[in-house]
Amino acid sequence: MRVTLIHPPAFLNPTALTALRPSLPLGLAFVAASARNAGHEVTVIDAVGEAPDRVMREGRVAVLGLSIEEIVARLPDELDVVGVSEMFTYQWRHCRRLVDAIKDARPDVLVIGGGEHFTGLPELSLSESKLDLVAMGEGEETIVDVLRRYAEHLEAGGARGVTDQVRVWAHECPGVAYRDAEGAAQIEPRRDRVRDVDGIPLPAWDLFQVLTYDENRFVSGIRKGITVPILATRGCPYRCAYCSSPNMWTTKWIARDPKLVADEIESYVEKYNARNFPFHDLTAILKRDWIIDFCNEIIARKLDISWQLPSGTRCEVVDDEVASLLFKSGGWSLNFAPESGSEAVRLKVKKQMKEESLFSAVEAAVKNKLNASCFFVLGFPGDRPEDMKATLQWAKRLAKSGIDDVAVGFFFPIPGTQFFRELQAIGKVELNEETMMAPIFVHDRWLTEGRNFSQTMSAKQLTLWRYRIVFAFYLRAVLLNPKRLWRLFSNFLKGNEDSKLDSFLQILKQRFFTKRAVKGA
């Protein structure tokens with residue numbers, strides 16, 4: 001089969017107060033590798049990587065990358081299947097137009113949607129677009145199965161790309177959704193999680209512009225040289241009430257062989273001269289033996305690299321020994337996500353984390369010269385002023401402990417999560433475009449009442465608490481370590497990044513040029 005996989009343009013909030021940036025599409029690279037390994041001819045259209053300096057305004061957001069017309073024009077003449085990946089629901093309105101444009105231009109091509117958005121909202125995706133099929137959950141085995149079934153359908157004389165015939169050959173294919181005879185969504189049972197994660201082909205980075213992403217600072221976490229993302233473990237065993245992970249990955253945590261992860265990193269050092277490896281794992285540091293074995297493997301190979309955990313990780317096994325090994329192996333940056341300093345809030349959101357575990361891990365990280373950060377979220381349903389005060393006290397305590405950064409954002413309901421269902425049941429949220437767009441505005445300078453779900457505090461109160469917590473942390477951090485101001489200034493001028501605050505300041509520099517590009521579009 002001739003397959004083209006598409007990484008759509010990225011939505012940016014030009015005024016967001018965040019260090020988050022677009023990055024290489026790791027999930028799509030895994031899917032590309034699996035399809036190619038199964039014998040299919042695979043090409044990729046990466047809208048971001050192929051037009052990294054193209055920014056167009058679309059309402060309150062900016063769209064980075066190739067236009068829809070350019071993507072359609074780049075589709076190969078000889079083509080059987082198009083796969084469109086979408087991780088973020090807030091990009092759905094643009095992705096929907098892309099899907100429809102592809103199907104209108106190439107009605108003979110089967111169009112598949114995959115990624116976290118499609119996994120969370122398969123019915124909506126099918127009802128609002130001309131998609132032929134949705135793939136849910138992990139995509140590596142599903143894409144191979146779908147391509148096999150579709151090839152057999154064509155070999156048996158079936159029509160190409162006809163949506164009405166998808167239900168014939170996709171029936172009982174685990175992990176997919178399609179339309180039944182009446183046009184309603186038919187959801188097949190989810191496919192079992194991949195157990196043999198070591199048998200999954202490595203990401204097909206040769207199909208992507210790896211160096212282009214790095215040159216434009218499109219990396220997750222902190223940029224420390226040529227960057228390639230890594231996925232060492234899959235899934236998370238916890239069930240946080242606000243998180244979409246249980247729906248996408250279930251609650252099984254499966255780790256790769258540490259030696260094979262080290263092999264992968266070493267191959268990128270040799271191929272790309274890569275030196276920086278952000279782990280996209282949901283919960284990388286979960287089992288003590290695994291993280292120790294991995295660190296020792298990197299140390300034994302004497303790899304001169306940096307690796308980091310920008311998405312956050314658990315704190316329970318980070319003690320002096322583990323922190324020391326992290327530092328020696330180049331794992332210099334890690335992020336914890338307590339979400340709140342209030343024990344009542346942590347219980348409400350099902351954040352199974354003890355106070356003593358967090359601060360013990362922070363102490364070990366600082367002692368061993370690791371770059372450490374903590375994430376907090378304000379405005380969970382039912383949040384009260386006393387919960388804000390508890391988070392403020394934790395921020396002050398963390399500053400005194402010597403960690404580098406805190407990030408404070410606002411809660412937003414993700415479709416398919418426990419909190420979304422609860423808010424939907426009481427009429428506080430609906431599945432509409434405003435709700436789907438909420439995540440991209442969560443880092444606005446001010447929270448609005450339309451995106452406030454706390455029920456007990458106003459948007460203005462929550463916004464003021466956010467600034468109070470952030471300023472309290474950084475004021476104490478600078479007073480306790482005045483040299484930090486000089487490092488910030490020096491890194492800002494030189495383009496270096498040693499912390500999340502450095503990354504944010506570099507984004508501000510880039511944003512000046514982005515605004516010019518948008519204005520001239």
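Just so it is clear, the structure is predicted and the values come from calculations on it, not from any experiment.
Salt bridge absent: Glu138 and Lys252 never bring a charged side-chain N and a carboxylate O closer than 4.0 Å.
To the nearest 0.5 Å, atoms OG1 (Thr227) and CZ (Phe277) are separated by 8.5 Å. To the nearest 0.5 Å, the span separating CG on Asn491 from CG on Leu505 amounts to 9.0 Å. For the atom pair CG (Leu79) and CD (Glu41), the distance works out to 9.5 Å, reported to the nearest 0.5 Å. Atom OG1 of Thr212 and atom CG of Asp46 lie 9.0 Å apart (nearest 0.5 Å). Note: Lys494 NZ to Asp502 CG = 12.0 Å, rounded to the nearest 0.5 Å. In this structure, Leu398 CG and Ile403 CD1 are separated by 4.5 Å, a value rounded to the nearest 0.5 Å.
Looking at Asn216, its side chain never comes within 3.5 Å of a backbone N or O of Phe218 through a donor-acceptor pair. Remark: the backbone N or O of Ile226 is not paired with any side-chain donor or acceptor of Asn276 at under 3.5 angstrom. For His280 (side chain) and Leu231 (main-chain N/O), no donor-acceptor pair under 3.5 Å exists by modelled atom type. A donor-acceptor contact shorter than 3.5 Å is absent between the side chain of Arg223 and the backbone of Glu215. Tyr268 contributes no side-chain N or O that, together with a main-chain N or O of Pro229, makes up a donor-acceptor pair within less than 3.5 Å. A donor-acceptor pair under 3.5 Å is formed between the side chain of Lys509 and the backbone N or O of Phe492. Checked by atom type and distance alone, the side chain of Asp132 pairs as donor or acceptor with a backbone atom of Val111 at under 3.5 Å. Remark: side-chain polar atoms of Lys224 are not paired, donor with acceptor, to backbone N or O of Asn496 under 3.5 angstrom. Looking only at distances, no side-chain donor or acceptor of Asn368 sits under 3.5 Å from a matching main-chain atom of Leu370. In this structure, Arg106 contributes its side chain and Asp77 its backbone to a donor-acceptor pair below 3.5 Å.
For the pair His40 and Val3, the tightest heavy-atom approach, listed with the atom from each and the gap, is CB-CG2, 4.4 Å. Here the closest heavy-atom approach between residue Pro413 and residue Phe420 is recorded as CB-CD1, 3.8 Å. Residues Leu66 and Pro9 approach most closely at O-CG, 3.3 Å, considering heavy atoms. Between Pro122 and Val134, the closest heavy-atom pair is CB-CG1, 4.1 Å. The minimum heavy-atom distance linking Val84 with Pro8 is given by the pair CG1-CG, 3.9 Å. Considering all non-hydrogen atoms of both residues, Pro310 and Phe375 come closest at O-CZ, 3.5 Å.
Using modelled atom types and a 3.5 Å distance limit, the side chains of Asn37 and Ser34 yield no donor-acceptor pair. Residues Ser244 and Thr417 have side chains that never bring a donor and an acceptor to within less than 3.5 angstrom of each other. If you check the side chains of Thr15 and Asn13, you find a donor sitting under 3.5 Å from an acceptor.
Shown here is Phe489, whose CZ atom has no more than 12 heavy atoms of other residues, nucleotides or ligands within 6.0 Å. More than 12 heavy atoms of other residues, nucleotides or ligands shown are found within 6.0 angstrom of CD on Glu58.
Within the 4.5 Å cutoff, the side chain of Leu17 has heavy atoms near those of the Tyr467 side chain. With contacts defined as side-chain heavy-atom distances shorter than 4.5 Å, the pair Val261/Ile230 qualifies. Proximity of Ser499 to Arg484: side-chain heavy atoms (C-beta onward) are separated by under 4.5 Å at one or more points. For the pair Leu121 and Met436, the minimum side-chain heavy-atom distance is below 4.5 Å. Put simply, the side chain of Phe412 does not reach to within 4.5 Å of the side chain of Tyr90, judged on heavy atoms. Side chains of Ile102 and Ile6 form a contact here, defined as non-hydrogen atoms less than 4.5 Å apart. Looking at Met353 and Cys315, their side chains come closer than 4.5 Å, going by heavy atoms from C-beta outward. Considering only heavy atoms from C-beta on, Thr233 stays 4.5 Å or farther from Lys287 through its side chain.
Here the two rings, on Phe411 and Phe419, have centers that are under 6.0 Å apart. The aromatic ring centroids of Phe118 and Trp92 lie less than 6.0 Å from each other. Taking the six-membered ring for Trp and the full ring otherwise, Trp205 and Tyr213 have centroids separated by 6.0 Å or more. The aromatic ring centroids of Phe473 and Phe376 lie 6.0 Å or more from each other.
Note: Trp290 and Trp253 have perpendicular aromatic rings, judged against thresholds of 30 and 60 degrees for the angle between ring planes.
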Report the C-alpha distance between Ser85 and His7 in whole Å, list the side-chain angles of each, state the deciding distance to 0.1 Å, and finish with yes or no for side-chain hydrogen bond (donor to acceptor under 3.5 Å, both in side chains).
CA-CA 6 Å; Ser85 174; His7 179 216; over 6 Å; no
Could you check Arg301 against Asp263 for salt bridge (charged side-chain N to carboxylate O under 4.0 Å, His left out), going step by step and ending with a plain yes or no?
CA-CA 10 Å; Arg301 300 182 188 212; Asp263 285 344; 2.6 Å; yes
For side chain to side chain contact (heavy atoms under 4.5 Å, CB included), just list the numbers for Val72 and Asp104, CA-CA rounded to whole Å, side-chain angles, deciding distance to a tenth of an Å, and then say yes or no.
CA-CA 10 Å; Val72 172; Asp104 288 342; over 6 Å; no
Mind running salt bridge (charged side-chain N to carboxylate O under 4.0 Å, His left out) on Arg256 and Glu297 for me, showing each step along the way?
CA-CA 13 Å; Arg256 296 167 57 193; Glu297 189 68 31; over 6 Å; no
Given Phe11 and Phe88, is the ring pair (Phe, Tyr, Trp, His ring centres under 6.0 Å) satisfied, shown in steps?
CA-CA 9 Å; Phe11 267 31; Phe88 304 110; over 10 Å; no
Show your reasoning for whether side chain to side chain contact (heavy atoms under 4.5 Å, CB included) applies to Lys500 and Asn335.
CA-CA 10 Å; Lys500 282 191 174 296; Asn335 298 278; 3.0 Å; yes
Evaluate Leu488 against Val478 for side chain to side chain contact (heavy atoms under 4.5 Å, CB included), listing each step before the verdict.
CA-CA 11 Å; Leu488 282 172; Val478 169; 5.6 Å; no
For Arg487 and Asn481, what are the C-alpha separation, side-chain angles and deciding distance, and is it a side chain to side chain contact (heavy atoms under 4.5 Å, CB included)?
CA-CA 11 Å; Arg487 286 204 310 272; Asn481 183 12; 3.8 Å; yes
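Arg60 forms a cation-pi arrangement with Phe441, by the criterion of a distance under 6.0 Å to the ring centre and an angle within 45° of the ring axis. Cation-pi geometry between Arg234 and Phe30 is met: under 6.0 angstrom from the ring centre, within 45 degrees of the axis.
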